[in-house]
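Naming: A, B, ... by sequence-line order, numbering from 1 per chain. Computed from heavy atoms alone, side chains included, the values below leave out hydrogens, waters and symmetry copies.
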Amino acid sequence: MSIYDTLNEQQKKGVFTTEGPVLILAGAGSGKTRVLTHRIAYLIDSKGVNPWNILAITFTNKAAGEMRERVDKLVGFGSESVWVATFHATCVRILRRYIDRIGYDNNFTIYDTDDSKSVMKDVCKKLDIDTKMLKERTILGAISSAKDNLISPLEYDSSAAGDYTKRKIAAAYIEYQSLLKKNNALDFDDIIMKTVELFKSCPEVLESYQNRFKYIMVDEYQDTNTAQFELIRLLASKDKNLCVVGDDDQSIYKFRGANIRNILDFEMVYPEAEVIKLEQNYRSTQNILDAANAVIKNNAGRKDKALWTDKGAGNRIHFRSFDNAHEEADYIAGDIRKKARERISDYRDCAVLYRTNAQSRLLEESFIGLNIPYNVVGGVNFYARKEIKDILAYLKTIDNARDDLAVRRIINVPKRGIGAASVNRVQAYADAKGISFYDALTQMYDTPFPASSKSEQRIKDFITMIRSFRTKLEFCTLEELITDVIETTSYVKELEQEGDEEAKERIQNIDELITKLVSFEQEREELGEKATLSGFLEEVALVADIDGVSGDDNKVLLMTLHSAKGLEFANVYLSGLEDGIFPSYMTINSDDASAIEEERRLAYVGITRAQKDLTITYAKQRMIRGETQYNPVSRFVKEIPDKLLDNTLSANKAGSNTYGTEPYNKMSKDEYSAKHAKDLFKSKPYGAGQGAKGAANSWTAAADYLESYNRKSEREKLSDTVFDKPEAKSGATIVVKKKLVPSKKGAGAANALEGITKGMPAAAAALEYKTGDRVRHIKFGNGTVLNIEKETRDYKITVDFDEYGNKIMYAAFAKLKKV
DNA sequence: CGTACTAGTCTTTTT
DNA sequence: GACTAGTACG
C-alpha cells in the first residue's frame with residue numbers, strides 16, 4: 001500500500017509524469033493540490049530528487065502554507081528544503097540578494113497601493129497633470145498593466161506618440177519610476193518585473209537559479225500574467241521540467257493582468273507538453289456540478305471538459321427571491337441559524353459569497369441581529385488601516401532612511417508642530433540637492449548650533465528620536481523597539497485620551513500589530529534565524545486578506561467570489577444574483593464581449609464552492625452607494641436548467657414579467673433602474689421602512705429616465721405633486737428638494753410619484769420606536785430610547801446603550817431597530 | 001499651525 | 001452611505 005494508491009488514474013499520471021513540460025487541466029474540486037503535493041513526494045522519495053531542487057509557486061500565502069503543510073506530512077525528512085512560496089515572496093527573496101546588480105539597494109521597501117497613490121499625487125503635481133481630467137487611479141492602472149506586460153517607461157513612451165493621454169501617462173510613468181527608485185522602493189508589479197529584468201541583465205544570476213530549480217510547479221496557472229509567465233519561462237528554460245496546474249474556467253483575474261492565453265496556449269509554447277485532464281470532482285453533488293456545467297458552457301473558447309462525480313444527485317439548488325436586500329440578508333442569516341440549531345451544519349460549514357465588498361454590510365447587520373458568529377474576509381485590509389500604517393511608517397523610517405514617503409507620513413504624527421510649511425521647505429531643499437527627504441532634514445537641522453526657533457527645535461528633536469530608535473534596533477529585540485516607538489511618540493496615549501469607540505479599536509489594532517511582530521520574532525528564532533526589521537516589513541507588505549482565514553473558528557465566512565476561489569463549504573449562499581450586480585453593469589455595458597465571460601467564470605467558481613447545498617438569492621430592490629436600484633434576475637440563474645432548481649424562475653414572483661426578467665443590454669443604470677422603479681411603484685407603494693434618501697434617489701432615477709425620454713409633462717406633474725402635499729415637510733421631501741432645485745430637474749413619472757409620495761411622509765413620520773422603547777444599533781448593540789426630538793430634517797434620538805452609554809444620533813443614519 | 005466643515009468620489013474584483 | 005481631499009477660518 002503506497003500513498004499513491006488512493007489517486008485516480010489521471011491523478012497518477014499527473015504525479016508520475018515528472019520530466020518535461022506538463023499541463024494539468026484541473027477542474028474545480030478535482031484534487032489538484034493532492035496531485036501537486038504527491039508529485040513533490042514522488043520526486044523526492046522515488047526519483048531521488050533533492051528537495052532543494054524543487055520550486056512550487058502559488059498566488060496566496062494561504063495556498064503556499066497549505067501546500068507546505070501537506071508536503072511536510074507526505075515527505076517527512078527534507079521537506080523543509082522544498083521552496084514553496086508565492087510569486088511575490090519568491091521574487092522578493094531573489095531581489096533581496098541580487099537587486100543591487102540593477103541599481104537598487106538590497107534593503108528596498110515595498111509600496112502598497114496607498115503608497116503608490118501618494119507618489120502618483122506628487123508626480124501629477126510636479127508634471128502639472130490635471131487630475132480631474134486624468135485621475136491618479138487611471139494612470140496607476142495604466143502603469144500597472146504596462147508592468148504586468150513588462151513594458152518599461154521608455155518603451156511605453158515610444159509607443160505613445162500621437163496619443164495625448166498616453167503621452168501624459170508615459171511622462172507620469174517615467175517620473176513615478178524615478179521617484180520609486182530614489183526612495184529605494186518597489187511597488188507590487190515591480191517585484192515581478194524587476195526580477196525578470198534582473199534575470200535578463202545578469203545571466204549568471206539566472207543560471208544559478210536554473211541550476212537550483214530543476215523541477216518547477218505552478219499552481220493556479222490560469223491567473224498568471226505576462227511577467228509571471230516570462231519569469232517561469234526563464235527559470236524553466238534549461239531543464240524544462242515545468243508542471244503547471246490550472247483551470248481556464250476559473251480565470252477571474254483579468255483585471256489584474258492575468259492572461260488566459262498562458263494556459264490556453266501552453267501547448268503551443270511547449271509542443272512536447274503532456275496534457276492531463278482531471279475531470280472527476282470529489283467535492284460537490286451532481287446537481288451542483290450540472291448547474292456549474294450548464295452555466296460555463298455558454299462561454300466560447302474554453303478547453304473542452306466536463307466535471308462529473310460518483311456522488312448522488314443530492315439536493316436541488318435552492319433559489320429564493322426577495323423584495324429587497326434586507327429580506328435577502330435576513331433569510332440567509334435565518335437559514336444558517338436554522339441549520340446550526342437543527343445540527344445540520346456548523347457555522348463554519350457555511351459561507352456567503354457576493355460580488356462586491358459593499359454587499360457585506362447588510363448581511364453583517366442580519367448576522368448581528370441573530371447573534372450568529374461570522375467573519376468578513378477582505379474589505380479594509382488590516383495593514384491599510386491608518387494607525388497600522390503610521391506605526392509601520394516609523395519602522396520603515398528606522399529601517400530605510402531613503403523611504404521619503406514613510407518619513408513624511410510620520411514627521412508630524414502624532415502632532416508635534418512640524419507643519420506643511422516646514423515639510424515643503426525641506427522637500428524643496430531635497431529636490432534641489434537631489435537627496436532624500438531625511439538626508440535633507442539632517443543636513444538642514446542636524447547641526448551643532450542651537451535651534452533659533454521653536455519649530456527648528458522640534459525638528460531637531462525628531463531627528464534625535466529617530467536616531468535613538470536606530471541605535472536601539474542594533475541592541476534590542478524588535479518587540480522592545482516597537483514598544484519604545486509607541487511609548488516615545490505617545491501614539492497610544494493620544495488615542496487613549498480621545499477615548500471614543502474608534503480610538504479603542506485603533507489601540508486594539510496596534511496591540512494586534514505588536515502580537516504579530518512578537519510571533520514573527522519567535523518564529524524566526526525557532527528557525528535559528530535572526531528576526532530582522534526588514535524581514536518583518538516585507539512579510540507584512542505581502543499579506544493578502546485571505547491569508548488570515550482559517551477554519552478554526554466556528555464562524556460563518558462572508559467574502560467576495562474572488563476571495564472564495566480555492567475554498568469549499570458544505571453550504572454556500574450566492575447572494576445578489578442580479579443583472580447589474582452580478583454580472584456587473586460594467587461588464588454588461590462593456591464593448592468587450594469577453595468581459596461577461598469572465599463574470600460567468602466567476603459564477604462557475606461560486607457554484608463549485610458548494611459541497612452539499614447551494615442557495616442562490618435575488619433581491620428586487622437594493623441600495624447601492626445610497627441609490628436604490630431595481631434589477632432583474634441574473635442571466636446566470638437563467639442559464640441553470642429549471643429542473644435543477646427547487647423553485648423555478650417562472651413559478652417565482654421575482655421572475656414574473658412585472659419586474660422584467662429580460663436581461664437588458666446597453667441601457668444606462670439610471671434608465672434601467674427607473675424603468676423597474678416604475679413597475680414596482682405601480683404594484684406597491686414605496687415602503688414606509690425605507691429611508692428618505694432611498695425614496696429621493698428612486699425618484700431622481702425615475703425623473704432622469706423621463707427626462708432622457710423627453711416626457712416633460714409627466715416630470716412636471718411629479719414635481720408639483722410633491723410640493724403640493726401639505727405633509728410634504730418630511731425629510732424625504734427635503735432631500736428631494738435638495739436634489740431637485742440645484743439640478744433644475746422639473747417633473748416626472750406619475751406612477752413613481754404616487755408610490756413615493758405615499759411612502760415618503762410615512763418614512764419620516766413613523767419611527768418604529770418611541771421614548772422608553774428598547775432598540776438595537778449595528779455597532780453599539782442594545783439600548784433604551786431616552787428622548788426623541790424632531791428637527792427640520794430628521795429626528796434626533798438619544799439612546800442609553802447598555803454597553804456604550806448615552807449617544808445622540810439622527811434617526812435616518814442610526815437605523816435603530818426596535819427589539 | 002490646526003481645526004471644522006464641505007464637496008466630490010466611490011466600488012467590480014486584489015497579489 | 002462612507003471616506004477623503006480640499007478649503008476657509010480661528
Side-chain angles (χ1 to χ4, degrees), chain A residues 57-64 85-92 110-114 117-118 121 131-132 135-137 141 144 147-148 187-192 220 223-225 227-228 251-258 353-362 377-381 383-384 386 412 414-424 454-455 458 541-547 559-565 576 580-590 595-596 598-599 601-602 605-606 623-628 669 691-694 697 735 742 778 810 812-815:
Chain A
I57 291 198
T58 64
F59 273 87
T60 65
N61 295 302
K62 186 174 196 280
T86 65
F87 268 102
H88 287 85
T90 299
C91 289
V92 168
I110 299 165
Y111 276 179
D112 65 18
T113 340
D114 270 6
K117 209 178 159 198
S118 346
K121 260 194 182 151
T131 50
K132 287 220 171 63
K135 297 199 188 75
E136 287 105 339
R137 296 172 15 120
S144 175
K147 287 180 176 178
D148 287 343
D187 66 18
F188 280 132
D189 305 307
D190 279 336
I191 292 173
I192 313 288
E220 306 279 15
D223 291 332
T224 52
N225 61 34
Q228 288 158 336
S251 165
I252 55 173
Y253 282 109
K254 189 175 177 208
F255 70 93
R256 213 170 62 195
L353 312 182
Y354 35 79
R355 180 68 238 270
T356 66
N357 277 309
Q359 287 166 255
S360 72
R361 225 193 76 243
L362 285 181
V377 179
V380 189
N381 186 319
Y383 292 103
K386 184 182 170 298
N412 199 26
K415 303 249 163 7
R416 51 173 73 89
I418 305 175
S422 308
V423 170
N424 288 339
K454 244 187 186 165
S455 69
R458 292 184 190 125
L542 297 178
V543 292
D545 291 324
I546 196 71
D547 295 339
M559 67 187 109
T560 62
L561 287 145
H562 282 87
S563 297
K565 192 165 66 122
I581 303 289
F582 184 31
S584 69
Y585 285 108
M586 297 253 222
T587 52
I588 291 171
N589 288 326
S590 168
I596 206 83
E598 175 128 333
E599 295 276 299
R601 289 192 289 270
L602 198 53
V605 167
M623 179 106 99
I624 304 286
R625 299 208 305 268
E627 197 180 325
T628 308
K669 199 172 61 180
K693 203 175 167 192
N697 279 319
V735 182
I778 180 167
Y810 282 98
F813 297 107
K815 289 209 214 107

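Look at CD1 on A:I624: it is 11 Å from P on B:dT13, rounded to the nearest Å. Between the CD1 atom of A:I252 and the P atom of B:dT15 there is a distance of 11 Å, given to the nearest Å. Protein atom CZ of A:F87 is 15 Å distant from nucleotide atom C1' of B:dT14, rounded to whole Å. What separates CG of A:N61 from C1' of B:dT14 is a distance of 13 Å, to the nearest Å. The nearest whole Å value for the distance from the CG atom in A:L561 to the P atom in B:dT14 is 10 Å. Atom-to-atom, NZ of A:K117 to C1' of C:dA5 comes out at 9 Å; the value is rounded to the nearest Å. Rounded to whole Å, the distance from NZ on A:K135 to P on B:dT9 is 7 Å. The separation between A:K565 atom NZ and B:dT15 atom C1' is 11 Å, rounded to whole Å.
Nucleic acid contact class of A:K454 (heavy atoms, under 4.0 Å, all strands): none. Base engagement by A:E599 is indicated by at least one non-hydrogen atom pair under 4.0 Å involving a base atom. At the heavy-atom level, A:K121 lies under 4.0 Å from the strands shown only through sugar-phosphate atoms. Here A:T113 lies out of heavy-atom contact (under 4.0 Å) with every strand.
Classified by interplanar angle (parallel below 30°, tilted 30° to 60°, perpendicular above 60°), the ring pair A:H88/A:F188 is perpendicular. Using cut-offs of 30° and 60° on the angle between ring planes, the pair A:F87 and A:F59 is tilted.
B:dT13 and C:dT4 are spaced 16 Å apart, taking the P atom of each and rounding to whole Å.
Shown here for A:D148 and A:R256, the closest heavy-atom pair between the two residues is OD2-O, 3.0 Å. A:P583 and A:I588 make their closest contact through O-CD1, 3.6 Å (heavy atoms, listed as atom of the first residue, atom of the second, distance).
For the pair A:F255/A:M586, no side-chain contact is recorded, criterion being any heavy-atom separation below 4.5 Å from C-beta on. Side-chain contact between A:Y111 and A:D190: absent, with no pair of heavy atoms (C-beta onward) separated by less than 4.5 Å.
Dashed line: the shortest gap from a side-chain N or O of A:N357 to OP1 or OP2 of B:dT13 is under 4.0 Å. Remark: A:S563 is not in phosphate contact with B:dT13, judged by side-chain N or O atoms under 4.0 Å from OP1 or OP2.
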### Query
Can A:T587 and A:E598 be said to form a side chain to side chain contact (heavy atoms under 4.5 Å, CB included), step by step?
CA-CA 9 Å; A:T587 52; A:E598 175 128 333; over 6 Å; no
### Task
Quick one: do A:I191 and A:L542 satisfy side chain to side chain contact (heavy atoms under 4.5 Å, CB included)? Show the steps, please.
CA-CA 11 Å; A:I191 292 173; A:L542 297 178; 4.0 Å; yes
### Heavy-atom protein contacts under 4.0 Å, nucleotides 1-8 of chain B, coded B base, S sugar-phosphate only, - none
SSS-----
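In this structure, of B:dT12, B:dT15, B:dT14, it is B:dT15 that holds the atom nearest to the side chain of A:F188. Listed candidates were B:dT14, B:dT12, B:dT15. Nearest to the side chain of A:H88 is B:dT15.
Under the stacking definition used here (centres under 5.5 Å, planes under 30°), the residue A:F255 fails to qualify as stacked on the base of B:dT14.
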